[in-house]
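Heads up, the thing below is written out as structure tokens.
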Amino acid sequence: MRKIGIIADSTCDLSEELLKRYQISIFPLHIHLGEEEYEDGVNITPEQIYEWSDAHKTTPKTSALSPQKATDFLEKQLEEYEQIICFCISEEMSSCANVMRMATDELDAKERVKVIDSRNLSTGIGLQIIEAAKMANEGETVEAIVNRILELQPFVRASFVVDTLTYLHRGGRCSGLTALAGSTLRIHPCISVAEGKMQPGKKYRGKMAKIINEYVNDLMPALKKSYSERVFITHSGCEQNIIDSVKKQLEEMNYFDEILITRAGGVVTSHCGPGTLGVLFIERDR
């Protein structure tokens with residue numbers, strides 16, 4: 001039996017390569033297309049979500065896994081690991097963390113399982129997971145890992161620029177008038193995560209190729225004060241030239257050890273739509 005296992009829900013948006021590298025186990029959230037239910041990253045693709053959403057003019061619903069599935073998953077993990085650290089999407093956005101706590105109670109495993117509310121989403125969670133996995137591999141205790149993650153959480157910088165307001169409108173996150181004006185005027189809002197919630201930020205105007213460059217430039221002061229081990233470029237299906245341009249901007253800083261590019265999963269896809277791109281990192285606290 002291995003000592004510490006790291007598990008996380010599918011909203012962390014880590015690639016298969018990173019999951020294997022850091023030995024992370026994933027449990028999927030659910031995506032509802034009308035009456036049909038799917039498991040994020042298992043039996044549905046972002047393209048299928050876009051097709052359904054456009055055909056039905058609405059946003060898919062997303063939900064945490066059922067208590068029974070959570071218990072079954074956690075039980076198998078406890079057969080493999082002495083202790084487990086479980087990362088979940090922000091409790092402001094989902095009941096996932098609470099479901100995993102209930103599963104922990106059901107299995108009478110409070111002493112073996114620590115459930116962390118990431119206070120974030122997408123690779124804003126992924127950054128925390130990788131830090132935890134590295135510490136576990138270095139032999140740190142669960143207590144030390146959890147304390148370190150909680151220290152870092154306020155400094156995780158997660159933001160995205162949205163290409164189209166259509167999906168936010170369908171999900172009730174902006175008015176029809178705002179969506180129409182945004183389309184006409186080519187307005188692209190920046191959505192950031194603060195205190196566990198998604199909040200609107202700067203509104204960029206113009207073509208995505210141009211404004212993404214501006215967005216990265218706006219992040220530069222914080223990027224230069226960030227931990228240099230890694231930075232994420234996470235997108236929901238962007239043109240390759242835009243992704244390449246962002247990567248080039250980050251490479252020209254000559255600062256980061258790794259520039260990781262990941263495709264957003266079903267949850268970000270469902271609510272933000274295609275063409276969304278974000279740069280995610282951890283800023284130093286001093």
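Minimum heavy-atom separation, Leu280 to Ala158: CD2-CB, 3.3 Å. Summarising the geometry of Ala64 relative to Val99, their closest heavy-atom pair is CB-CG2, 4.2 Å, with the distance given to 0.1 Å. The nearest pair of heavy atoms linking Gly278 to Tyr215 is CA-OH, 3.5 Å. Of all non-hydrogen atoms in Leu65 and Phe27, the two that sit nearest each other are CD2-CD1, 3.8 Å. Closest of all the heavy-atom pairs between Ala133 and Ile6 is CA-CG1, 4.1 Å. Minimum interatomic distance between Gly275 and Ser236 (heavy atoms only, all atoms of both residues): N-OG, 3.4 Å.
Using a 4.5 Å cut-off on side-chain heavy atoms (C-beta onward), Ser122 and Phe232 make no contact. In this structure, Ile149 and Phe87 have side chains that are in contact, with non-hydrogen atoms separated by less than 4.5 Å. Using a 4.5 Å heavy-atom threshold, the side chains of Ile7 and Phe73 count as touching. Leu14 has its side chain out of reach of Ile26: every pair of non-hydrogen atoms, C-beta onward, lies at least 4.5 Å apart. At a threshold of 4.5 Å between non-hydrogen side-chain atoms, the residues Asn98 and Met102 count as touching. Side-chain contact between Leu219 and Arg157: absent, with no pair of heavy atoms (C-beta onward) separated by less than 4.5 Å. Counting only heavy atoms from C-beta outward, the side chains of Glu106 and Pro67 never approach each other to under 4.5 Å. Using a 4.5 Å heavy-atom cutoff, the side chains of Tyr204 and Val161 are in contact.
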Q: In sequence, state the C-alpha distance, the side-chain angles, and the governing distance for Gln153 and Ile116, and then conclude on side-chain contact (heavy atoms from CB on, under 4.5 Å).
A: CA-CA 11 Å; Gln153 281 186 352; Ile116 293 180; 3.5 Å; yes
Q. Which is it for Leu152 and Gln128 under the side-chain contact (heavy atoms from CB on, under 4.5 Å) test, yes or no, and what are the steps along the way?
A. CA-CA 8 Å; Leu152 287 175; Gln128 299 174 50; 5.8 Å; no
(Q) Would Leu223 and Met220 count as a side-chain contact (heavy atoms from CB on, under 4.5 Å) here? Give the steps. (A) CA-CA 5 Å; Leu223 284 165; Met220 280 297 173; 4.2 Å; yes
Q) Should Leu29 and Ser94 be marked as a side-chain contact (heavy atoms from CB on, under 4.5 Å) after you check the CA-CA gap, both sets of side-chain angles, and the distance that decides it? A) CA-CA 10 Å; Leu29 267 67; Ser94 172; 4.2 Å; yes
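A salt bridge is absent between Glu239 and Lys207; no separation between the charged side-chain nitrogens and carboxylate oxygens falls under 4.0 Å. Ion pair Arg230/Asp257 not flagged as a salt bridge, since none of the NZ, NE, NH1 or NH2 atoms sits closer than 4.0 Å to an Asp/Glu carboxylate oxygen. Taking the charged nitrogens against the carboxylate oxygens, Glu151 and Arg148 do have a contact shorter than 4.0 Å, which makes a salt bridge.
Annotation for Glu195: atom CD does not count as buried by contact number, only 12 or fewer foreign heavy atoms lying within 6.0 Å. More than 12 heavy atoms of other residues, nucleotides or ligands shown are found within 6.0 angstrom of CD on Gln240. Few gaps surround NZ on Lys202; more than 12 heavy atoms of other groups in view lie less than 6.0 Å from it. Around CD of Glu143, the count of heavy atoms belonging to other residues, nucleotides or ligands within 6.0 Å does not exceed 12.
Glu36 places no side-chain N or O within 3.5 Å of a backbone atom of Leu33 that could act as its donor or acceptor partner. Using modelled atom types, one side-chain atom of His235 and one backbone atom of Gly237 make a donor-acceptor pair closer than 3.5 Å. The backbone N or O of Leu78 lies less than 3.5 Å from a partner atom in the side chain of Arg112, making a donor-acceptor pair. Although no hydrogens or angles enter the test, the distance criterion places no donor-acceptor pair under 3.5 Å between the side chain of Ser245 and the main chain of Ile242. Although no hydrogens or angles enter the test, the distance criterion places a donor-acceptor pair under 3.5 Å between the side chain of Thr104 and the main chain of Met100. Judged by distance alone, the side chain of His30 and the main-chain N or O of Glu39 form no donor-acceptor pair under 3.5 Å. Side-chain N or O atoms of Asp40 include none that pairs as donor or acceptor with a backbone N or O of Gly265 at under 3.5 Å.
Between the CD1 atom of Ile233 and the CD1 atom of Ile243 there is a distance of 8.0 Å, given to the nearest 0.5 Å. Glu37 contributes atom CD, which lies 11.5 Å from atom OG1 of Thr62 (distance to the nearest 0.5 angstrom). Expressed to the nearest 0.5 Å, how far CD of Glu229 lies from CD of Glu258 amounts to 9.5 Å. One finds the CG atom of Asn137 at 10.0 Å from the NZ atom of Lys134 (value rounded to the nearest 0.5 Å). Interatomic distance, OG of Ser226 versus CZ of Arg284, reported as 7.5 Å (0.5 Å rounding). Interatomic distance, CG of Asp163 versus CE of Met208, reported as 4.5 Å (0.5 Å rounding).
Taking the six-membered ring for Trp and thresholds of 30 and 60 degrees, Trp52 and His56 have nearly parallel ring planes, at less than 30 degrees apart.
Of the N and O atoms on the side chains of Thr123 and Asp13, not one donor lies less than 3.5 Å from an acceptor on the other residue. Judged purely by distance below 3.5 Å, without hydrogens or angles, the side chains of Ser118 and Asn120 never pair a donor atom with an acceptor atom. Residues Thr262 and Thr234 bring a donor and an acceptor atom of their side chains to less than 3.5 Å of each other.
Val42 and Ile44 fall into different hydrophobic clusters, where Ile, Leu, Val, Met, Phe, Trp and Tyr residues are linked whenever their side-chain heavy atoms come under 4.5 Å apart, directly or through other members.
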